[in-house]
Protein chains: 2
Amino acid sequence: MDGPVTLRRPQRADARRNYDALLAAARDAFAEKGADASLEDIAKRAGVGIGTLYRNFPARQDLFEAVYVEEINQLAAAAEAAASLPPWEALRVWLQRFVAYAVTKRAIIDLLNRDSEMFRSCRVVMYAAGEPLFARAQQAGEVRADASFDDVLRLVSGLTSAAFVDDAQRDRVLEFALDGIRATG
Amino acid sequence: MDGPVTLRRPQRADARRNYDALLAAARDAFAEKGADASLEDIAKRAGVGIGTLYRNFPARQDLFEAVYVEEINQLAAAAEAAASLPPWEALRVWLQRFVAYAVTKRAIIDLLNRDSEMFRSCRVVMYAAGEPLFARAQQAGEVRADASFDDVLRLVSGLTSAAFVDDAQRDRVLEFALDGIRATG
DNA sequence: TGCTAACCGGAGGCATACCTCCGCTAATCT
DNA sequence: AGATTAGCGGAGGTATGCCTCCGGTTAGCA
């Protein structure tokens with residue numbers, strides 16, 4: 001489960017339990033209520049006191065970031081798994097994963113916009129994961145030359161904030177977007 | 001300025017002034033801070049007391065809706081203006097307008113998702129404005145047959161929530177999206 | 001100009017969330 | 001088992017936003 005970016009977990013058994021429970025509860029809460037979910041609610045979900053939350057994550061930002069380190073690591077893993085596919089397929093699969101993933105954890109979009117120390121480094125990790133797939137597909141002539149990886153990410157990430165009628169529509173619309181960045185002719 | 005959907009404005013001169021100031025302030029505030037901007041802040045921006053806000057808009061929802069009636073009417077007007085262009089161009093221009101518009105007033109996206117009496121009717125107006133442009137372009141063979149207007153709107157509306165580096169990137173990415181829904185061959 | 005109904009606006013009560021502080025608990029070590 | 005000390009958790013102070021209520025003001029009319 002360890003990835004390119006890691007966090008320091010507490011030492012004692014009970015503390016570690018609480019830390020993990022908080023992280024899981026926070027992930028759920030952020031997914032459900034967005035980035036400004038109530039911290040008191042998160043503590044309750046995790047079954048710990050509010051004090052414990054603050055000891056582990058002194059600022060709201062710290063908790064938010066800790067959650068995204070996990071998410072990011074998983075996206076990086078997905079990129080590695082896709083690397084063995086043909087260029088276009090690899091990019092396509094990764095972007096699908098990106099969208100499907102971010103739909104449930106929608107706050108991940110903020111990652112592209114917000115600004116902070118760790119956000120920046122998370123972004124670096126994500127780009128390091130996806131950009132090679134993009135570059136390979138572009139060099140293979142499968143992706144139009146006038147698009148950048150950043151363009152693609154923003155085009156696709158928009159899809160995560162729309163509430164689709166069903167998964168079929170989401171997939172269909174994503175295919176449209178993919179067609180849009182595909183090399184013509 | 002009157003459009004398909006209208007609101008009742010107060011009678012007395014001072015009341016009307018305040019009403020308009022509130023609407024303008026709310027539009028700014030929603031654009032800036034999102035749909036849950038502080039009502040007290042909006043009243044302050046408008047230079048009126050909080051009581052005046054509540055007299056005009058008893059519930060937060062009322063104010064929010066009032067703002068969007070204006071936005072929607074403008075989008076409808078834009079559709080009318082675009083109707084004289086060739087099929088594809090008309091759709092393209094209208095969607096550009098939609099994106100450029102919604103970028104500054106980002107909360108308009110909620111319109112596609114949220115549910116309420118007036119939201120529904122606003123959505124009806126918006127669809128009534130844009131759908132004919134879409135249908136015409138599709139019948140002219142310019143838009144792929146397997147896309148619906150709803151698909152397109154969701155694809156494009158996603159672009160409004162991403163923070164682009166600059167307007168040029170936004171336009172470029174929108175072009176990618178448009179290419180994606182264009183008929184191939 | 002004077003009357004009066006319509007309108008104004010902010011004080012204040014209520015709810016919610018943030019965050020700190022510290023007495024109690026229990027994990028770990030010897 | 002007992003000592004040590006990291007860790008727990010919630011009471012409570014602070015801040016902020018929601019919304020109501022009503023004494024004072026003023027636009028519109030005659």
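Atoms considered below: every heavy atom in the structure, side chains included; atoms not considered: hydrogens, waters and symmetry mates. Quick caveat, the model's predicted, so the values are computed rather than measured. We name chains A, B, ... by the order of the sequence lines, and we start the count at 1 in each one.
Each of B:P58 and A:G47 was assigned the nucleotide of DNA chain D with the nearest heavy atom; the assignment lying further toward the 5' end belongs to A:G47. Residue whose closest nucleotide on DNA chain C sits further toward the 5' end, between A:G51 and A:A37: A:A37.
Across the protein-nucleic acid pair, B:L22 atom CG and C:dG9 atom C1' stand 12 Å apart, rounded to whole Å. Atom CZ in B:R17 sits about 13 Å away from atom C1' in D:dG28, given to the nearest Å. Atom CG in A:N18 sits about 13 Å away from atom P in C:dA26, given to the nearest Å. Going from atom CG of A:L39 over to atom P of D:dG9 covers 16 Å, rounded to whole Å. When the P atom of D:dG9 is taken as reference, atom CD1 of A:I50 falls 11 Å away, rounded to whole Å. Nucleotide D:dC22 holds its C1' atom 17 Å from the OH atom of B:Y54, rounded to whole Å. Spacing between atom CG of B:D62 and atom P of D:dC18 amounts to 14 Å, rounded to whole angstrom units. Separating the CD atom of A:E40 from the C1' atom of D:dG12 is a distance of 11 Å, rounded to the nearest angstrom.
For B:R60 and D:dC18, the shortest distance from a side-chain N or O to OP1 or OP2 is below 4.0 Å. Remark: B:T52 is not in phosphate contact with C:dC7, judged by side-chain N or O atoms under 4.0 Å from OP1 or OP2.
Of the listed residues (A:R136, A:R92, A:R182), just one forms a side chain to side chain donor-acceptor pair (under 3.5 Å) with A:E142, and that residue is A:R182.
Here A:R55 lies in heavy-atom contact (under 4.0 Å) with a base.
Between A:F176 and B:F176, the distance separating the two ring centers is not shorter than 6.0 angstrom.
Closest heavy-atom contact between A:W94 and A:A78: CD1-C, 3.9 Å.
Side-chain N/O atoms of A:D171 and A:Q96 include no donor and acceptor closer than 3.5 Å.
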